[in-house]
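As structure tokens, the structure follows; a few thoughts come after it.
Reckoned from all heavy atoms, side chains included, excluding hydrogens, waters and symmetry mates.
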Number of protein chains: 2
Amino acid sequence: VIKTMEVCRYFGEGETLVKAVEQVSITIEPGEFTAIIGPSGSGKSTLLHLVGGLDNPTSGVVELSGTNIANMSGAQISDFRRDHIGFVFQAYNLIPVLSAEENIEYIMLLQGIAGPARRQRVQEMLELVGLNDLGSRRPNQLSGGQQQRVAVARAMASHPDIILADEPTANLDSKTGIALLDVMKDLNETHNMTFVFSTHDEKIMSRASRLIHMEDGAVVHDERR
Amino acid sequence: VIKTMEVCRYFGEGETLVKAVEQVSITIEPGEFTAIIGPSGSGKSTLLHLVGGLDNPTSGVVELSGTNIANMSGAQISDFRRDHIGFVFQAYNLIPVLSAEENIEYIMLLQGIAGPARRQRVQEMLELVGLNDLGSRRPNQLSGGQQQRVAVARAMASHPDIILADEPTANLDSKTGIALLDVMKDLNETHNMTFVFSTHDEKIMSRASRLIHMEDGAVVHDERR
Ligand SMILES: Nc1ncnc2c1ncn2[C@@H]1O[C@H](COP(=O)(O)OP(=O)(O)OP(=O)(O)O)[C@@H](O)[C@H]1O
Ligand SMILES: Nc1ncnc2c1ncn2[C@@H]1O[C@H](COP(=O)(O)OP(=O)(O)OP(=O)(O)O)[C@@H](O)[C@H]1O
Ligand SMILES: [Mg+2]
Ligand SMILES: [Mg+2]
């Protein structure tokens with residue numbers, strides 16, 4: 001469970017003060033399939049980073065499994081993320097010198113998962129996102145949408161409790177995007193994996209069980225269906 | 001006018017041979033508003049780079065205004081691009097140490113456009129893409145969709161004859177994307193600016209006067225409407 005209480009994230013100060021996230025209080029429960037939607041610049045990525053412990057709030061509290069992250073050391077937050085959270089970045093953030101397989105495998109290495117189990121999971125993931133046979137390519141040898149899918153596979157590979165995905169279908173055609181969403185919906189229903197998306201994609205919105213609308217940093221609407 | 005004749009672009013060789021673009025012959029006429037569509041990995045970005053002279057074909061000919069680029073020096077191709085082509089990259093490729101304004105202004109500097117004219121054009125562009133007041137921010141101080149719009153503004157700023165845009169709305173919400181497309185449609189109709197998009201976005205497809213479908217590197221359908 002991840003909880004934010006009156007969380008704010010401001011950048012700059014005085015004349016240049018930017019209120020990227022303004023007084024957001026939400027609770028993410030296990031098993032959710034939630035989409036955060038809103039205009040470009042409304043604070044979706046910033047909120048997702050706060051929820052994932054990748055950024056610290058200017059004010060307010062973020063709780064990971066009941067513990068205020070302000071009371072956790074950098075190492076403790078890092079361990080929590082490694083063991084419980086998978087993050088798909090809007091710009092993918094793949095490691096350029098590693099192959100797709102190595103990028104996907106990386107997190108499981110950090111988690112101490114054994115070699116054979118790791119390699120098997122990597123192959124499963126490549127298949128799930130439709131990239132079989134492309135595993136040995138480096139990111140710059142892949143198309144934009146293929147890189148995006150490596151980033152998604154990397155987040156899912158260690159079967160984390162919660163996946164925070166920042167616009168994971170932005171560079172995918174309709175058919176590939178739908179296939180990916182079906183995989184995620186399936187993981188959500190069979191493994192109770194929580195998914196929180198920041199997205200502009202109608203296909204994700206229509207599959208979401210909860211829609212959080214943002215505008216100018218604030219949550220203006222939070223509907224469960 | 002940009003023309004490709006039986007153009008191929010292959011990567012690797014032997015076992016690892018990838019036919020990214022296979023025997024494509026198309027002519028881009030002035031004033032077109034064309035969308036290249038197809039599944040992730042089908043060759044859209046690769047074709048766009050070949051058309052823009054940013055990449056060399058493995059075989060076949062690319063002609064820029066009647067001249068085979070194989071007969072042009074690197075400097076001549078570079079000058080042609082600077083003077084006639086605006087490119088929006090799928091990953092934006094903004095210069096991290098420059099502000100949004102400086103990123104947009106850069107090409108006009110290279111073209112020797114005078115200071116006051118440049119600065120005025122930069123402000124017009126920022127306004128056209130909905131980023132007024134964000135000009136002094138650096139890319140890492142902007143949201144994904146805001147960075148994308150800086151990349152678009154940069155391509156349009158020098159009023160090139162032709163704009164090659166690789167998924168320019170991928171990270172934009174519907175409303176912002178439509179506003180951007182209306183701006184492009186307007187430039188196309190009032191300035192006869194040619195637009196060739198690589199896209200997965202239905203909104204671009206519906207506005208296009210020509211749809212080029214790609215699959216596995218080949219053009220499988222080329223319809224004008
Ligand atoms: N340097 C490279 N080495 C090997 N294969 C490559 C290289 N660059 C691209 N490819 C392959 O060429 C094919 C076409 O890539 P391209 O980037 O043009 O696709 P695309 O249609 O733009 O896809 P997307 O919609 O995902 O952006 C892909 O299968 C890709 O993996
Ligand atoms: N380092 C920074 N300094 C100043 N402002 C920032 C910084 N980072 C982000 N912002 C601003 O915070 C606001 C929210 O950004 P965020 O990336 O969360 O938006 P978003 O909803 O994800 O947008 P998009 O849909 O375009 O990805 C934006 O207006 C952005 O310009
Ligand atoms: Mg974002
Ligand atoms: Mg592409």
Side-chain angles (χ1 to χ4, degrees), chain A residues 11-12 15-16 18 20 36-49 89-92 94 129-131 133-134 136-150 166-177 179-180 198-203 205 213-215 217, chain B residues 11-12 15-16 18 20 36-49 89-92 94 129-131 133-134 136-150 166-177 179-180 198-203 205 213-215 217:
Chain A
F11 294 103
E15 278 248 345
T16 63
V18 177
I36 300 174
I37 64 181
S40 171
S42 55
K44 305 178 297 296
S45 295
T46 306
L47 179 58
L48 220 57
H49 278 68
F89 295 90
Q90 194 164 0
Y92 324 149
L94 297 178
V129 301
L131 295 178
D133 310 330
L134 299 190
S136 47
R137 301 252 194 103
R138 261 171 290 114
N140 68 358
Q141 295 172 324
L142 293 171
S143 78
Q146 289 167 343
Q147 292 175 31
Q148 186 155 43
R149 283 180 275 161
V150 173
D166 203 343
E167 311 211 29
T169 58
N171 281 284
L172 303 178
D173 54 284
S174 198
K175 190 154 171 272
T176 310
L180 191 68
S198 150
T199 186
H200 297 304
D201 188 347
E202 283 289 336
K203 305 191 290 295
M205 296 179 207
H213 295 243
M214 289 187 75
E215 243 175 75
Chain B
F11 293 102
E15 279 247 344
T16 64
V18 177
I36 301 175
I37 63 181
S40 169
S42 56
K44 305 179 296 296
S45 295
T46 306
L47 179 59
L48 220 59
H49 279 67
F89 294 91
Q90 193 163 1
Y92 324 149
L94 298 178
V129 301
L131 295 178
D133 310 330
L134 298 190
S136 47
R137 300 253 193 102
R138 262 171 292 114
N140 67 357
Q141 295 171 322
L142 293 171
S143 77
Q146 291 167 342
Q147 293 175 31
Q148 186 153 44
R149 284 180 275 161
V150 173
D166 203 341
E167 311 211 30
T169 57
N171 281 283
L172 303 177
D173 54 284
S174 199
K175 190 153 172 271
T176 310
L180 191 67
S198 151
T199 186
H200 298 303
D201 189 347
E202 283 290 336
K203 305 192 289 296
M205 297 180 207
H213 295 243
M214 289 187 75
E215 243 173 76

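For Lys175(B), the side-chain contact (heavy atoms from CB on, under 4.5 Å) partners at least two apart in sequence or on another chain are Asp173(B). Under the rule for a side-chain contact (heavy atoms from CB on, under 4.5 Å), the partners of Ala170(A) that lie at least two apart in sequence or sit in another chain are Gln148(A), Glu167(A), Ala170(B), Asn171(B).
Proximity to chain B (any heavy atom under 4.5 Å) is restricted, for Ser143(A), to the side chain, taken from C-beta onward.
Inter-residue side-chain proximity for Arg137(B) and Val150(B) is flagged as unmet; no heavy-atom pair is nearer than 4.5 Å.
To the nearest 0.5 Å, atom CD1 of residue Ile36(B) and atom CE of residue Met205(B) are 12.0 Å apart.
The residue among Ser174(B), Ser45(B), Pro39(B) with the most heavy atom pairs within less than 4.5 Å of chain A is Pro39(B). Each of Thr176(A), Thr199(A), Leu172(A), Ile37(A) has some count of heavy-atom pairs under 4.5 Å with chain B, and the biggest count is that of Leu172(A). Counting heavy-atom pairs under 4.5 Å between each of Gln141(B), Arg149(B), Lys44(B) and chain A puts Arg149(B) at the top.
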